[in-house]
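As the structure is a computational prediction, the values presented were derived from the model and not from experiment.
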Amino acid sequence: MNRRQFLTSSASILAGAGILPLASARNAFAQTGTSAQRLAIPPILDTRATGRLALQAQPGRTSFGDGPAVVTAGFNQSYLGPTIVMQNGELATEVTNAIAEPVSTHWHGLLAPGSHDGGPHQPIDPGATWRPPLNIAQDPATLWYHSHIHERTAEQVYFGLAGVIHVTDGQDDARGLPSGYGVDDLTLVLQDRRFDRAGRMVYEPSMMDVMHGFLGNRMLINGQSGATAVVPEGIVRLRLLNGSNARIYTLFFDDTRPMHLVATDAGFLPAPIAIETLRLAPGERAEILVDFSAGPAPVLMSDPGQAYGVLQFATDGTLPSRITRLPERLDGILEDLIGAEVTTRQVSLDMGMGGMMMGGGFAINGRPYDMRRIDFEVALGSVERWHIRSSMVAHPFHVHGVRFQVVTENGGPPLPENTGWKDTLLVPGEAEILARFDQPASAETPFMFHCHILEHEDAGMMGQFTVT
């Protein structure tokens, strides 16, 4: 099957996948060349020179494609937020809430104390400002930030309260990695959103939407629909964030060109790994290198068995191709945690069909989330082994305040995309992880552990723990 036949056949089954085809964007580009809508990369907010970070959660109105403007929200803009660049050291931070309901700002993947984590115990009331004094101390990584108000996380993230973080040490050139922001280093926020017949983005979850997680019928990349990512004719770095509420992607290129995985959620790998597909669940991030020096520009697709388009690429020979060869090694270090664990815990991500028919049934270890209950008490500096089980469906499991290593998945070795440092892991059955708990968290501001299908989290599939 050639490339055009593949795209045509894919379009015929997209209704089942719930995503509109990308063929229209491909055809528009073929007819107009670089005059097609070019994907915009989020604006950059670089804190390295000032040591200060100022965000404002604010209401907005946004038009997606040809649809009418709808009410949205964002940080410092109408929808989504800027890419925050930060380095190790002290960072004076303030987040102001200009929205008419409480929000929070969780630094997803940042190794910070519970008092600075931005979870549901740290709401920012309308008109108020939160000033957590962050002290960044971790390896370079692609992280993100989003609101985390209990029972309101799904809707607030859906309408735009999220953005990307780059923790950097300024050594990417020495690593041989692309580092030109928006040129050969692209930040890509993948989201599916649901649009009605009038082209308006809507969020009206039914009981089935809560059960399965809210799925959309159109792809947005960086808040844009039908845009084309223009890249140089060389090696390009793609920083991928699954910012969807519930959709799990299995990414691949329509021309089968390989992806070279260089970083997972929480840092670099020791060396690039060549992969053909990349599974990315809500909350997960991955950095890949792709060679665009030969052949027509590909389409990034998802779900090989029921394929649909995610993002069209195009090459531009006038853009600088700084990197022309893949690095052989990277400097990611995976500390050996096996044998250091002192406690083993069981974590069951539970869905009860009978309870869901009455609007409930989401729990961890049989208990729905209660902000007043501490589920685990963890010793500061300890290493723990957690056995995680998912019932009924695959759940992406996120732990605040730590990075962890995946030991096994369903009794076997982890997938390539789970061999590095992680903070979020899709659990389609069973998994074991090892984590060291080096950040403190009190009973007043505990850390969360939860499913990152946001409707499940809001409905009770979340727990909390202290680290003392």
Exercise. Salt bridge between Arg345 and Asp375, side-chain N to carboxylate O under 4.0 Å?
Worked result: no
For this session: Answer yes or no: is there a donor N or O on one side and an acceptor on the other, between the side chain of Arg48 and the main chain of Gln87, under 3.5 Å?
Result: no
Exercise. Quick one: does Tyr158's side chain get under 4.5 Å of Leu454's, heavy atoms only?
Worked result: no
Problem set entry | Heavy-atom check, side chain of Gln439 versus side chain of Phe447, under 4.5 Å | yes
Exercise. Does any donor atom in the side chain of Tyr369 or Glu457 lie under 3.5 Å from an acceptor atom in the other side chain?
Worked result: no
Seminar exercise, completed: Distance col, row Leu45:CG vs Leu55:CG, nearest 0.5 angstrom, shows 6.5 Å
For this session: Enter the distance from Arg372:CZ to His121:NE2 here, rounded to the nearest 0.5 Å.
Result: 11.0 Å
For this session: Say whether Arg239 and Thr142, considering side chains only, have a donor N or O and an acceptor N or O under 3.5 Å apart.
Result: yes
For this session: Give a yes or no on whether a salt bridge exists between Glu430 and Arg389, defined as a side-chain N under 4.0 angstrom from a carboxylate O.
Result: no
For this session: Give every residue pair that meets the ring pair (Phe, Tyr, Trp, His ring centres under 6.0 Å) criterion with at least one member in residues 414-442, sequence neighbours excluded.
Result: Trp386-Phe437, Phe437-Phe465
Exercise. Would the number of heavy atoms belonging to other residues, nucleotides or ligands and lying under 6.0 Å from CG of Leu380 be above 12?
Worked result: yes
Seminar exercise, completed: In terms of heavy-atom contacts, Val402 and Ala435 come closest through CG2-CB, 4.2 Å
Problem set entry | Exercise: do Asp173 and Ser179 side chains pair donor with acceptor under 3.5 Å | yes
For this session: Could you note down all residue pairs passing salt bridge (Lys or Arg N to Asp or Glu O under 4.0 Å) where residues 436-447 supplies at least one of them, sequence neighbours left out?
Result: Glu335-Arg436
Exercise. Going through the distances and angles, do Thr445 and Asp117 end up as a side chain to side chain contact (heavy atoms under 4.5 Å, CB included)?
Worked result: CA-CA 8 Å; Thr445 54; Asp117 182 61; over 6 Å; no
For this session: Determine, step by step, whether His400 and His450 satisfy the side chain to side chain donor-acceptor pair (under 3.5 Å) criterion, reporting the C-alpha distance in whole Å, the side-chain angles of both residues, the deciding distance to 0.1 Å, and the verdict.
Result: CA-CA 9 Å; His400 289 210; His450 60 86; 3.3 Å; yes
Exercise. Should Arg175 and Glu287 count as an ion pair when the cut-off is N to O under 4.0 Å?
Worked result: no
For this session: Answer whether the closest heavy-atom distance between the side chains of Tyr181 and Pro42 falls below 4.5 Å.
Result: yes
Seminar exercise, completed: With sequence neighbours left out, the residues meeting side-chain hydrogen bond (donor to acceptor under 3.5 Å, both in side chains) with Arg152 are Glu101, Glu155
Exercise. Is there a donor-acceptor contact under 3.5 Å from the side chain of Asn88 to the main chain of Gln138?
Worked result: yes
For this session: Indicate the atoms forming the closest heavy-atom contact of Val393 with His456, along with that distance.
Result: CG2-CE1, 4.2 Å
Exercise. Is there a side-chain contact between Pro446 and Ile374, using heavy atoms and a 4.5 Å cut-off?
Worked result: yes
For this session: Determine whether the side chains of Thr424 and Glu284 contain a donor N or O and an acceptor N or O closer than 3.5 Å.
Result: no
For this session: Could you tell me whether the side chain of Asn365 and the main chain of Ser348 form a donor-acceptor pair under 3.5 Å?
Result: yes
Seminar exercise, completed: Gly176 and Ile323 have their tightest heavy-atom pair at O-CG2, 3.6 Å
For this session: Step by step, work out the side chain to side chain contact (heavy atoms under 4.5 Å, CB included) result for Thr72 and Leu80.
Result: CA-CA 9 Å; Thr72 55; Leu80 297 179; over 6 Å; no
Problem set entry | Ser78 side-chain N/O to Thr62 backbone N/O, donor-acceptor pair under 3.5 Å | no
Problem set entry | Steps toward side chain to side chain contact (heavy atoms under 4.5 Å, CB included) verdict (Val406, Leu415) | CA-CA 9 Å; Val406 182; Leu415 294 175; over 6 Å; no
Problem set entry | Side-chain donor-acceptor pair present, Thr187, His166, cut-off under 3.5 Å | yes
Problem set entry | Derivation of the salt bridge (charged side-chain N to carboxylate O under 4.0 Å, His left out) call for Arg279 and Glu409 | CA-CA 14 Å; Arg279 191 181 67 184; Glu409 292 185 77; 3.4 Å; yes
Exercise. Which heavy atom in Asn242 sits nearest to a heavy atom in Pro282, and how many Å separate them?
Worked result: ND2-N, 3.2 Å
Exercise. Between Asp265 (side chain) and Arg285 (backbone), is there a donor-acceptor pair under 3.5 Å?
Worked result: yes
Exercise. Angle class for the Phe253/Phe292 ring planes (parallel below 30°, perpendicular above 60°, tilted otherwise)?
Worked result: perpendicular
Exercise. Rounded to the nearest 0.5 Å, how far apart are CG of Leu334 and OG1 of Thr264?
Worked result: 7.5 Å
Exercise. Between atom CD of Gln312 and atom CE of Met301, what is the distance when rounded to the nearest 0.5 Å?
Worked result: 10.0 Å
Problem set entry | Glu377, CD atom: more than 12 neighbouring heavy atoms under 6.0 Å | no
For this session: Mind telling me whether Phe159 and Tyr203 have parallel, tilted or perpendicular rings, with 30° and 60° as the class edges?
Result: perpendicular
For this session: Mark yes or no for whether Asp303, through its side chain, and Gly305, through its backbone, hold a donor-acceptor pair below 3.5 Å.
Result: no
Exercise. So do the side chains of Ile433 and Lys422 get within less than 4.5 Å of each other, counting heavy atoms only?
Worked result: no
Exercise. To the nearest 0.5 Å, what is the distance between CG (Leu143) and NE2 (His106)?
Worked result: 10.0 Å
Exercise. Which pair of heavy atoms, one from Tyr308 and one from Met219, lies closest together, and at what distance?
Worked result: CE1-SD, 4.4 Å
For this session: Of all the heavy-atom pairs spanning Leu349 and Ile388, show the shortest one and how long it is.
Result: CD1-CG2, 4.1 Å
Exercise. Would you call Arg257 and Asp291 a salt bridge, taking side-chain N to carboxylate O under 4.0 Å as the test?
Worked result: no
Problem set entry | Any donor-acceptor N/O pair, Gln77 side chain to Phe75 backbone, under 3.5 Å | no
Exercise. Does the side chain to side chain contact (heavy atoms under 4.5 Å, CB included) test come out yes or no for His387 and Thr344, once each step is laid out?
Worked result: CA-CA 8 Å; His387 294 259; Thr344 298; 3.3 Å; yes
Problem set entry | Met462 side chain near His148 side chain, heavy-atom distance below 4.5 Å | yes
Exercise. Given the side-chain rings of Trp144 and His452, with only the six-membered ring counted for Trp, is the space between their centroids under 6.0 Å?
Worked result: yes
Exercise. For the atom pair CD (Gln224) and CG (Leu39), what is the distance rounded to the nearest 0.5 Å?
Worked result: 4.5 Å
For this session: Report yes if the side chains of His116 and Pro133 come closer than 4.5 Å at any heavy-atom pair, otherwise no.
Result: yes
Exercise. Do Ile364 and Val347 have side chains that get closer than 4.5 Å, going by heavy atoms?
Worked result: yes
Exercise. Is it true that a side-chain atom of His398 and a backbone atom of Asp423 form a donor plus acceptor pair closer than 3.5 Å?
Worked result: yes
For this session: Please answer whether the main-chain N or O of Gly170 pairs with a side-chain N or O of Thr168 as donor and acceptor at a distance below 3.5 Å.
Result: yes
Exercise. Short question: side chain of Ser104, backbone of Gly118 - any donor-acceptor pair under 3.5 Å?
Worked result: yes
Problem set entry | Between Glu455 and Asn245: side-chain donor-acceptor atoms closer than 3.5 Å | yes
